[in-house]
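Remarks on the structure that follows.
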2 protein chains.
Amino acid sequence: MPRAPTTTDVFNAIAEPRRRQIVELLARQGALAVGALVITMGLPQPVVSKHLGVLRKVGVVAVLKQGKQRVYNLEAEKLKIVHDWVKAFEELWGHQLDRIKERAERRAREQAESPTPVKPPKGQA
Amino acid sequence: MPRAPTTTDVFNAIAEPRRRQIVELLARQGALAVGALVITMGLPQPVVSKHLGVLRKVGVVAVLKQGKQRVYNLEAEKLKIVHDWVKAFEELWGHQLDRIKERAERRAREQAESPTPVKPPKGQA
DNA sequence: TTTACATATTCCCATATGGGAATATATTTA
DNA sequence: TAAATATATTCCCATATGGGAATATGTAAA
C-alpha cells in the first residue's frame, strides 16, 4: 500500500503551514470569506480555495453561502482530537520528578495488567 | 515552489499514523529498541527504521546505542509546540454560549476598528 | 576473522501532494 | 440576457512520500 491519503485526517490537514495559518486567522477574526483570506495571505485564490477544500473535507472548517461569497468559519471541536493526543504527553515535559514518578507508576500498572506484548530487550532492561 | 519538505516539521512528523503510534509506544513503555517496535507494530524493520528516521530528524525521538541495538526514547518537549498551538483554540470548543458571545464581541470589535479588507456582503450582514 | 544479529540505507514504484495557469460554476448586477 | 464578481475545479508538473525488496553497515559472538 502506498501512502495514506493525507486529506482524510485532521493531523494531516494541519500539517500544512498555510492551512494552519488559515485556522489561526479564522480563530482570531471569526468567519471570513475566501477573498479576505486571499488578501490576508497573499496567495493566489485557487491555492487558498484548495487549502480550504482540504480543511473542509476534514471538517475543520465549514462554509456558509452568503451571496456570491463563501464564508468560512472554524469548527474548532475538530481540533480537540489533536489537543487530546498531545495533551497525553504533557506530563512528559513537565517537572522532571513528577514525570519520572508518573512514568514508573504507569509502567507498573500496565506491567501488572497485561504482560507487555513486546519481548523486552534481553540483556539490560 | 512545489511541496514543502514534510520531514522538517513536527506537525508533519506526527501526521503519519504509524509515527504517532511510535510516539505513543515510547511514551507508554519508555525507551524501546527498534526490534521491540518492529514486533509490536508488526511492520517490516526497514519501514519502522524509516519512520524513526523522520521522528529523529525532527527531534521527537533520540537514539541511544546499546550494543548492537538502537534504543529510541521520546523527546516529549518537542511536542510542546503542537500542544501550544492547539491549546490556543481550546476556548473555542468550550462552552457553546461563551464561545458565541466571544466570537460576536470579537467580530463587532474588528468590524468597528477596521472595515474588513473584504467588502462585506452588502445585503444581510 | 568468520558468523550471526540489529539496524540503517538505497533503489524502485505507485500515488499524493502544492502550486501555477486556465477554466468552469455560481450568483449578482446592469 | 449579458457583464461582472467570487469561488471552485481541472490539468499539469516537479517533488515528496510510504512501503517493498535488497543490501550496506555496525557490532557482538564463535
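Just so we're on the same page: letters track the sequence lines, and every chain starts at 1. Not measured: the values here are computed from a predicted model.
What separates CG of A/L64 from P of D/dT7 is a distance of 12 Å, to the nearest Å. The separation between A/F11 atom CZ and D/dG18 atom C1' is 19 Å, rounded to whole Å. B/Q69 places its CD atom 11 Å from the P atom of D/dA29, with the value rounded to the nearest Å. Atom CG of B/L37 is separated from atom C1' of C/dA8 by 15 Å (rounded to the nearest Å). Rounded to a whole Å, the CG atom of A/N12 is 17 Å from the P atom of D/dA16. We find that NE2 of A/H51 is positioned 13 Å from P of D/dA8, with the value rounded to whole Å. For the pair A/K57 NZ and C/dG18 C1', the interatomic distance rounds to 14 Å; values are reported in whole Å. B/L43 places its CG atom 8 Å from the P atom of D/dG20, with the value rounded to the nearest Å.
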In sequence, state the C-alpha distance, the side-chain angles, and the governing distance for A/W93 and B/E75, and then conclude on side chain to side chain donor-acceptor pair (under 3.5 Å).
CA-CA 8 Å; A/W93 63 70; B/E75 298 289 318; over 6 Å; no
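Close to C/dA26, at under 4.0 Å from its OP1 or OP2, lies no side-chain N or O of A/R70. Not one side-chain nitrogen or oxygen of A/Y72 sits closer than 4.0 Å to the OP1 or OP2 atom of D/dA6.
Here the closest heavy-atom approach between residue A/F89 and residue B/L79 is recorded as CD1-CD1, 3.7 Å.
In this view, A/V38 and A/V34, A/Q45, A/V48 satisfy the side chain to side chain contact (heavy atoms under 4.5 Å, CB included) rule, not counting sequence neighbours. Considering only residues two or more places apart in sequence or on other chains, B/R18 meets the side-chain hydrogen bond (donor to acceptor under 3.5 Å, both in side chains) condition with none of them.
Along DNA chain D, the nucleotide nearest A/V48 and the nucleotide nearest B/R18 are compared for position; the residue whose nucleotide lies closer to the 5' end is A/V48.
Using a cutoff of 4.0 Å between basic side-chain nitrogens and carboxylate oxygens, B/R20 and A/D9 are scored as salt-bridged. Comment: A/K87 engages A/E90 in a salt bridge, judged by a side-chain N to carboxylate O separation of less than 4.0 angstrom.
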Contact list (N/O, under 3.5 angstrom) for nucleotides 9-11 of chain D vs protein:
residue	atom	partner	partner atom	Å
D/dT10	O4	A/K50	NZ	3.4

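If you check D/dG19, D/dA4, D/dT27 against the side chain of B/K68, the one that comes closest is D/dT27.
Dense packing is recorded around CG of B/L64, with more than 12 heavy atoms of other residues, nucleotides or ligands lying under 6.0 Å away.
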